[in-house]
Protein chains: 2
Amino acid sequence: MSSVPGWANVDERRNLPPALAVSTVILGIRRDPEGGPGKLCLPLVRRIRQPHAGLWALPGGPVGSRESLGQAAGRTLAETTGLHPKYLEQLYTFGDISRSPTHRLVTIAYFALVNIDEVGTRVPDENVAWFGVDDPQIAEMAFDHRKIVDYALWRLANKTEYGQIAHRLLGERFTLAQLRLVYEAILGKELDPANFRRQLKNTASIEATDEYLAGGKHRPPRLYRYLGHGPDPMEVDTSK
Amino acid sequence: MSSVPGWANVDERRNLPPALAVSTVILGIRRDPEGGPGKLCLPLVRRIRQPHAGLWALPGGPVGSRESLGQAAGRTLAETTGLHPKYLEQLYTFGDISRSPTHRLVTIAYFALVNIDEVGTRVPDENVAWFGVDDPQIAEMAFDHRKIVDYALWRLANKTEYGQIAHRLLGERFTLAQLRLVYEAILGKELDPANFRRQLKNTASIEATDEYLAGGKHRPPRLYRYLGHGPDPMEVDTSK
DNA sequence: GTTCGTTAGAGTCATTCTGACATTAACTGG
DNA sequence: CCAGTTAATGTCAGAATGACTCTAACGAAC
């Protein structure tokens with residue numbers, strides 16, 4: 001059996017620490033030109049080396065010894081995809097013994113949201129590509145990454161306060177229709193515009209601005225912005 | 001210089017990979033003899049070695065090379081406290097550089113619930129003890145364990161489906177009054193017994209049995225039991 | 001300009017959910 | 001049998017919800 005170089009004699013009977021890596025599920029919403037519900041999609045990188053060469057995998061890499069886990073996630077993400085998401089949250093740590101065929105690998109998975117304007121933008125090279133989450137091409141992925149993606153989608157759908165994360169998928173200012181499309185993409189169903197508006201007014205987590213979105217063909221919608229108020233205390237600070 | 005295959009040139013200045021450990025926050029409810037709201041409490045172990053010798057810490061230990069992360073959490077928990085919780089869920093992975101003064105330490109924190117009958121029971125030795133979560137003795141803890149405990153409490157309070165976890169704090173069968181006390185301990189406020197009953201009937205996650213709790217001084221309450229239905233897909237299976 | 005189609009945004013109403021409280025049922029101990 | 005206590009059900013006003021209608025503001029067509 002082959003031991004992993006760099007990890008002196010990884011004999012499974014000796015208690016050597018496993019390799020530690022981060023991987024990130026970065027979700028964005030691809031707008032539907034016909035104004036439909038919009039699709040959740042994410043960027044993936046094609047594996048060059050074994051194991052699982054040729055399969056698509058989540059962007060990520062090893063954790064450096066002088067960076068925190070969140071920093072490692074942000075760094076590897078930028079290196080492989082060029083993206084700098086505004087939202088980064090730890091998702092789950094995967095450490096089953098057989099998740100990599102060659103060595104013991106523990107992966108801290110992160111969950112990121114990318115602004116809707118950055119979705120599907122040019123990618124560094126042909127080994128990076130955006131996929132819809134239900135694209136049959138990624139029904140199978142490298143390692144257990146398909147399981148990681150499915151869990152990220154489950155977590156997103158089960159978030160109690162979508163308000164905290166919805167504005168990370170939009171820009172600083174947004175219209176209520178745009179915000180409703182985000183909710184619809186996450187929940188997978190259509191919402192009544194009037195009732196949606198009323199509910200947001202009651203929660204008061206949103207504030208109307210004096211500006212309006214110009215350039216449309218019809219009545220210009222008012223722009224709103226979020227009032228931040230403390231969500232998950234373990235959310236990663238990406239503002240540094 | 002050797003590199004891990006598939007991990008091009010990972011030279012972190014020859015630093016060893018981080019030590020990998022698990023720690024578990026085990027919460028239970030201590031009944032109030034006067035029938036009050038009940039307190040959340042947890043077992044801690046006193047550290048013998050440096051660093052932080054003498055301070056109280058979460059039960060845990062290093063991850064073995066032939067066990068999954070969840071297995072490591074269950075094993076170290078049993079070894080140090082003798083407890084075998086029915087619920088074990090991964091909480092968060094802590095990996096800041098300076099969380100241990102002596103070496104780089106990455107800890108996967110788990111979150112467990114223990115049956116109410118096991119709370120405060122005899123402990124293996126004097127280096128294990130139960131504390132209320134707001135006991136001033138544990139305002140300070142070893143490493144960043146106080147932060148981990150606070151995060152576990154935050155997660156518990158923000159759980160959407162308490163039903164999924166409440167019956168882990170009780171036995172197989174329970175009365176509605178007992179269940180209500182669990183909710184009150186988690187939420188930190190009193191609930192109206194009548195309205196509480198009504199809401200549970202609507203969600204239909206609970207089923208009435210034909211049995212009644214005997215031995216009380218007053219009218220015997222009916223016993224109920226949970227109907228399991230899929231919660232967090234990453235919950236650890238502790239049934240094996 | 002006027003009209004029309006489209007979207008933004010406010011209002012209506014019946015239904016359901018919620019919190020607070022009253023009422024009845026079942027048991028024990030004196 | 002009665003008093004005291006807890007279990008369980010019932011009632012009712014106010015709030016939230018879902019489905020729907022109505023008005024306002026714009027560009028485009030005429």
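Within every chain, numbering begins at 1; the chains are lettered A, B, ... in the order of the sequence lines, protein sequences first and strands thereafter.
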Scanning both residues in full, the closest heavy-atom pair of Leu191(B) with Glu184(B) reads N-OE2, 2.9 Å
Which whole-number value in Å describes the distance from Phe196(B) CZ to dA8(D) P? 12 Å
By salt bridge (Lys or Arg N to Asp or Glu O under 4.0 Å) - contacts of Arg99(B) (at least two apart): Asp144(B)
Only counting residues at least two apart or in another chain, list the ones meeting salt bridge (Lys or Arg N to Asp or Glu O under 4.0 Å) with Arg146(A). Asp150(A)
Please name all residues satisfying salt bridge (Lys or Arg N to Asp or Glu O under 4.0 Å) with Arg222(A), sequence neighbours left out, ordered by chain then number. none
Using whole Å, what does the distance between atom P of nucleotide dA8(D) and atom NE2 of His218(B) come to? 14 Å
Using the ring pair (Phe, Tyr, Trp, His ring centres under 6.0 Å) criterion, which residues pair with Phe143(A)? Sequence neighbours excluded. His52(A), His145(A)
By ring pair (Phe, Tyr, Trp, His ring centres under 6.0 Å), Phe94(A) pairs with (sequence neighbours left out) Tyr92(A)
Take the protein atom NZ of Lys217(B) and the nucleotide atom C1' of dG4(D), then report the distance between them rounded to whole Å. 12 Å
Set of side chain to side chain donor-acceptor pair (under 3.5 Å) partners for Asp135(A), sequence neighbours left out: none
Test of understanding: with side chain to side chain donor-acceptor pair (under 3.5 Å), list the residues that count as partners of Glu211(B), not counting sequence neighbours. Arg173(B)
If the sugar-phosphate is the primed atoms plus P, OP1 and OP2 and the base is the rest, what is the B/S/- string for nucleotides 12-24 of chain D, using protein heavy atoms under 4.0 Å? -----BBBB---B
How far does the helix from dG1(C)-dC30(D) to dG30(C)-dC1(D) bend, going by the axes of its first and last five pairs, to the nearest 10°? 10°
Please list, chain by chain and in numerical order, all residues satisfying ring pair (Phe, Tyr, Trp, His ring centres under 6.0 Å) with Tyr212(A), sequence neighbours excluded. none
Nucleotide range of DNA chain C contacted by chain A, 5' to 3', under 4.0 Å to a heavy atom? dG5(C) to dT12(C)
With Asn195(A), which residues qualify under side chain to side chain donor-acceptor pair (under 3.5 Å), at least two apart? Arg198(A)
